[in-house]
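Each remark here refers to the structure printed beneath this line.
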Amino acid sequence: QVQLVESGGGLVQAGGSLRLSCAASGRTFSSYAMGWFRQAPGKEREFVAAINWSGGVTDYTDSVKGRFTISRDNAKNLVYLQMNSLKPEDTAIYYCAAHSFYNALVAYPRNGLDYWGKGTLVTVSS
């Protein structure tokens, strides 16, 4: 079992930055690939970024490439999403997720994922 708790959301002006954190419980954290997803009002949840178990492989959705960076600290059971140059269209609830297979995160929503957090709200004002 893995429990995930996101934090770091809030209100920020366009062009600003936020860093989201996802704290994971469980001693098997380092064996999971991790991802960030978001759901904007009236829209379906979408993939944002993923990182493999070692941190050596990452992927991003096109709209955040060059602005967002995913990273992890396996010693602390933490995953981060550094968000720079934020835009109003980045406004959403951001969720972290864990899955045994990296490709399943990138392919979301074609398949279910093992574990989800409850999300943290990011609001970007114009």
Side-chain angles (χ1 to χ4, degrees):
Q1 278 281 30
V2 176
Q3 292 186 323
L4 304 173
V5 180
E6 302 93 337
S7 62
L11 174 63
V12 64
Q13 288 190 327
S17 298
L18 281 175
R19 187 176 81 158
L20 305 183
S21 298
C22 174
S25 67
R27 290 175 288 179
T28 59
F29 170 75
S30 62
S31 66
Y32 286 92
M34 300 294 298
W36 285 97
F37 300 79
R38 66 186 179 187
Q39 187 166 15
K43 296 188 177 181
E44 295 189 351
R45 192 174 300 187
E46 64 172 356
F47 167 78
V48 175
I51 189 166
N52 76 330
W53 68 274
S54 68
V57 178
T58 58
D59 276 286
Y60 300 90
T61 192
D62 286 346
S63 62
V64 309
K65 284 180 181 177
R67 300 189 299 123
F68 290 12
T69 302
I70 188 171
S71 61
R72 66 189 296 162
D73 185 337
N74 286 341
K76 297 181 179 179
N77 282 15
L78 287 168
V79 179
Y80 304 103
L81 186 68
Q82 178 67 45
M83 305 187 296
N84 299 328
S85 303
L86 282 161
K87 304 176 181 179
E89 51 264 43
D90 294 318
T91 294
I93 299 174
Y94 283 73
Y95 301 88
C96 72
H99 197 72
S100 303
F101 301 107
Y102 177 81
N103 287 342
L105 292 166
V106 179
Y108 182 88
R110 272 182 270 171
N111 38 260
L113 301 179
D114 290 338
Y115 302 103
W116 288 94
K118 293 184 177 181
T120 185
L121 177 62
V122 172
T123 304
V124 184
S125 64
S126 58

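Any value given below was found using the heavy atoms of this structure, including those in side chains, with hydrogens, waters and symmetry copies removed.
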Grouping I, L, V, M, F, W and Y whenever their side-chain heavy atoms are under 4.5 Å apart, do Y115 and V5 come out in a common cluster?
no
Check whether the side chains of R19 and Y80 place a donor and an acceptor atom closer than 3.5 Å, and report yes or no.
no
With a 4.5 Å heavy-atom cut-off, do F68 and T61 have their side chains touching?
no
Do V79 and C96 touch side chain to side chain, with heavy atoms closer than 4.5 Å?
no
Check whether W116 forms a cation-pi arrangement with R45 (NZ or CZ under 6.0 Å from the six-membered ring centre, at most 45° off the ring normal).
yes
OG of S17 to CG of N84, rounded to nearest 0.5 Å, is 3.5 Å
Which residue is it: V12, V48, L20? I am looking for the one with a side-chain contact (heavy atoms from CB on, under 4.5 Å) to M83.
L20
So if you build clusters from Ile, Leu, Val, Met, Phe, Trp, Tyr with side-chain heavy-atom gaps below 4.5 Å, do W36 and L18 land together?
yes
Check whether any side-chain heavy atom of L11 sits under 4.5 Å from a side-chain heavy atom of S125, and report yes or no.
yes
Do you know which two heavy atoms are closest between R72 and A33, and how far apart they sit?
NH1-CA, 4.0 Å
Salt bridge or not for K118 and E6, using N-O below 4.0 Å?
no
Please report the interatomic distance CG(D59) to CD1(I51), rounded to the nearest 0.5 Å.
10.5 Å
For Y60 and T69, which heavy atoms make the closest approach, and how far apart are they?
OH-CA, 3.3 Å
Is there a path of hydrophobic side-chain contacts, each under 4.5 Å between heavy atoms of I/L/V/M/F/W/Y residues, joining M34 to Y102?
no
Any side-chain donor paired with an acceptor under 3.5 Å for S100 and D114?
yes
Side chain of S25, backbone of Q3: donor and acceptor closer than 3.5 Å?
yes
Tell me the closest heavy-atom pair linking A24 and V2, and the distance in Å.
CB-CG1, 4.2 Å
If I compare all heavy atoms of F29 with all of D73, which pair ends up nearest, and what's the gap?
CE2-O, 4.1 Å
Considering non-hydrogen atoms only, spot the tightest contact between A14 and S126 and give its length.
CB-CA, 4.3 Å
Treating T120 as the side-chain partner and G9 as the backbone partner, does any N or O pair qualify as donor plus acceptor under 3.5 Å?
yes
Give a yes or no on whether V106 and L113 share a hydrophobic cluster (residues Ile, Leu, Val, Met, Phe, Trp, Tyr; joining criterion: side-chain heavy atoms under 4.5 Å apart).
yes
Could you state whether F47 and V57 fall into the same hydrophobic cluster, counting links through intermediate Ile, Leu, Val, Met, Phe, Trp or Tyr residues with side-chain heavy atoms under 4.5 angstrom apart?
yes
Measure the acute angle between the ring planes of Y108 and F37, then classify it against the limits of 30° and 60° as parallel, tilted or perpendicular.
perpendicular
Judged by atom type as modelled, is there a donor-acceptor pair below 3.5 Å linking the side chain of D90 to the main-chain atoms of V124?
no
Correct closest heavy-atom pair for S63 and R38 would be OG-NH2, 3.3 Å
Between H99 (side chain) and L105 (backbone), is there a donor-acceptor pair under 3.5 Å?
no
Can you check whether A23's main-chain N or O pairs, donor with acceptor, with N77's side chain at less than 3.5 Å?
no
